[in-house]
Amino acid sequence: IVPQLGNLPPNLRWELLTVDSKGVRKLVIDAYRQLQSANAHAIIGPPWSSDAELVGRLSTLDEMPVMAYLAAGPRLDQGEFPFFARTNPSIKIQAQAVADLLVTLDVQFYHTLYQRSLEYLFMLEEIDQALRLSGTRSLADHFYYESDLDSLQIAMEKLAASGGRVIVGLFTFYDIGLVMSVALR
């Protein structure tokens with residue numbers, strides 16, 4: 001519940017317009033312009049950080065509020081996008097939370113299973129940096145490519161062979177089903 005919405009006129013009309021850019025940079029711009037020409041007053045999305053940065057720049061010029069629901073990239077933290085907000089914490093905050101949990105649980109060594117992307121590579125660096133003084137160390141990082149069942153199978157076989165007892169998983173909710181299907185085999 002948002003208290004500021006309590007004083008909106010009762011005849012206010014809400015309309016949902018959906019546009020899918022498929023994560024293609026040119027289509028992101030086209031989708032933004034399409035929403036703008038439809039007189040949208042705010043945007044929910046895009047999910048990915050690189051797209052959110054682009055939309056953040058456009059929304060700053062147009063003073064269009066944007067709420068991203070997955071974007072966690074560190075450049076979105078730098079205050080360049082005054083009309084941009086997100087629902088989940090930045091990579092830096094997520095990495096610090098993972099590091100704090102590992103230290104609290106007194107984990108000495110851990111393995112990482114992650115989706116190969118710039119965001120997760122950055123998060124690995126952030127976790128390592130946050131743990132630098134704690135004595136907790138990563139023994140091995142195992143990666144797979146987004147939505148690629150074969151590379152995930154290989155990464156999880158390597159993980160199992162390594163005997164890792166504590167595993168930090170870095171992947172999107174889209175890939176949780178893939179991870180679970182391979183793990184349950």
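In this chain, numbering begins with 1 at the start of the sequence shown. Basis for what follows: all heavy atoms, side chains included, without hydrogens, waters or symmetry-related copies.
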**Q** Report the C-alpha distance between Y110 and R137 in whole Å, list the side-chain angles of each, state the deciding distance to 0.1 Å, and finish with yes or no for side-chain contact (heavy atoms from CB on, under 4.5 Å).
**A** CA-CA 6 Å; Y110 67 96; R137 298 284 176 255; 5.8 Å; no
**Q** I need the full list of salt bridge (charged side-chain N to carboxylate O under 4.0 Å, His left out) pairs touching residues 29-46, with sequence neighbours left out, sorted by first then second residue.
**A** K26-D30, R33-D62
**Q** Can you check whether S50's main-chain N or O pairs, donor with acceptor, with R75's side chain at less than 3.5 Å?
**A** no
**Q** Working note: V179 + L152, criterion side-chain contact (heavy atoms from CB on, under 4.5 Å); need CA distance, chi angles, decisive distance, verdict.
**A** CA-CA 7 Å; V179 171; L152 178 59; 4.0 Å; yes
**Q** Shared ILVMFWY cluster between M180 and F171, side chains joined below 4.5 angstrom?
**A** yes
**Q** Do side-chain atoms of D175 reach the backbone of L178 as a donor and acceptor pair under 3.5 angstrom?
**A** no
**Q** Are L113 and L170 side-chain neighbours, meaning at least one heavy-atom pair lies under 4.5 Å?
**A** no
**Q** What pairs of donor and acceptor atoms, side-chain ones from residues 155-163 against any protein atom, are under 3.5 angstrom apart with sequence neighbours left out?
**A**
unit_1: E157; atom_1: OE2; unit_2: Q153; atom_2: NE2; d: 2.9
unit_1: S162; atom_1: OG; unit_2: H111; atom_2: ND1; d: 3.4
unit_1: S162; atom_1: OG; unit_2: L159; atom_2: O; d: 2.6
unit_1: S162; atom_1: OG; unit_2: G164; atom_2: N; d: 3.4

**Q** Working to the nearest 0.5 Å, report the span between CD1 of I154 and CZ of F143.
**A** 9.5 Å
**Q** How close do T112 and S138 get, counting heavy atoms only, and between which atoms?
**A** OG1-OG, 4.1 Å
**Q** Working note: Y144 + R116, criterion side-chain contact (heavy atoms from CB on, under 4.5 Å); need CA distance, chi angles, decisive distance, verdict.
**A** CA-CA 6 Å; Y144 68 96; R116 183 126 176 125; over 6 Å; no
**Q** With a 3.5 Å cut-off and no angle check, do the side chains of D150 and Y145 form a donor-acceptor pair?
**A** no
**Q** If I take atom CZ from residue R132 and atom CD1 from residue I127, how far apart are they, to the nearest 0.5 angstrom?
**A** 12.5 Å
**Q** Going hydrophobic residue to hydrophobic residue with side-chain gaps under 4.5 angstrom, can you get from I167 over to I176?
**A** yes
**Q** Can you tell me how far apart CE (M67) and CD1 (I43) are? Round to the nearest 0.5 Å.
**A** 12.5 Å
**Q** Quick one: OG on S151 to NE2 on H142, what's the gap to the nearest 0.5 Å?
**A** 13.5 Å
**Q** State whether the side chain of Q94 and the backbone N or O of P89 hold a donor-acceptor pair below 3.5 Å, judged by distance alone.
**A** yes
**Q** Taking atom CG as the centre, does L118 end up with more than 12 heavy-atom neighbours from other residues, nucleotides or ligands that are less than 6.0 angstrom away?
**A** no
**Q** Write down the atom of E126, the atom of A95, and the distance for their closest heavy-atom approach.
**A** CB-CB, 3.4 Å
**Q** Taking CD1 in I44 as the centre, count heavy atoms belonging to other residues, nucleotides or ligands within less than 6.0 Å. Is the count above 12?
**A** no
**Q** Does L133, at its CG atom, have more than 12 non-hydrogen atoms belonging to other residues, nucleotides or ligands within less than 6.0 Å?
**A** no
**Q** Tell me if a side-chain donor or acceptor on N88 pairs with a main-chain N or O of L70 at a distance below 3.5 Å.
**A** yes
**Q** Within the 4.5 Å heavy-atom criterion, are L105 and L101 side-chain neighbours or not?
**A** yes
**Q** Going from CH2 on W48 to OH on Y69, what distance comes out if it is rounded to the nearest 0.5 angstrom?
**A** 8.0 Å
**Q** Going from OG1 on T60 to CZ on F84, what distance comes out if it is rounded to the nearest 0.5 angstrom?
**A** 10.0 Å
**Q** Does S49 reach the side chain of L76, with side-chain heavy atoms less than 4.5 Å apart?
**A** yes
**Q** Is there a donor-acceptor pair closer than 3.5 Å between any side-chain N or O of T136 and the backbone N or O of Q108?
**A** no
**Q** If we only count heavy atoms from C-beta on, is the L58 to M64 side-chain gap below 4.5 Å?
**A** no
**Q** Short question: side chain of S21, backbone of L27 - any donor-acceptor pair under 3.5 Å?
**A** no
**Q** Using a 4.5 Å cut-off on heavy atoms from C-beta on, say whether the side chain of L54 contacts that of P46.
**A** no
**Q** Starting from the C-alpha separation in whole Å, work towards a yes-or-no answer on side-chain contact (heavy atoms from CB on, under 4.5 Å) for V166 and F109.
**A** CA-CA 7 Å; V166 176; F109 303 102; over 6 Å; no
**Q** With a 4.5 Å cut-off on side-chain heavy-atom distances among I, L, V, M, F, W and Y, is there a chain of contacts connecting V19 to I29?
**A** yes
**Q** Is there side-chain contact between Y114 and L121, with at least one heavy-atom pair below 4.5 Å?
**A** yes
**Q** What heavy-atom pair brings A130 and Q96 nearest, and what distance separates the two atoms?
**A** CB-OE1, 3.6 Å
**Q** Within the 4.5 Å heavy-atom criterion, are E80 and R57 side-chain neighbours or not?
**A** yes
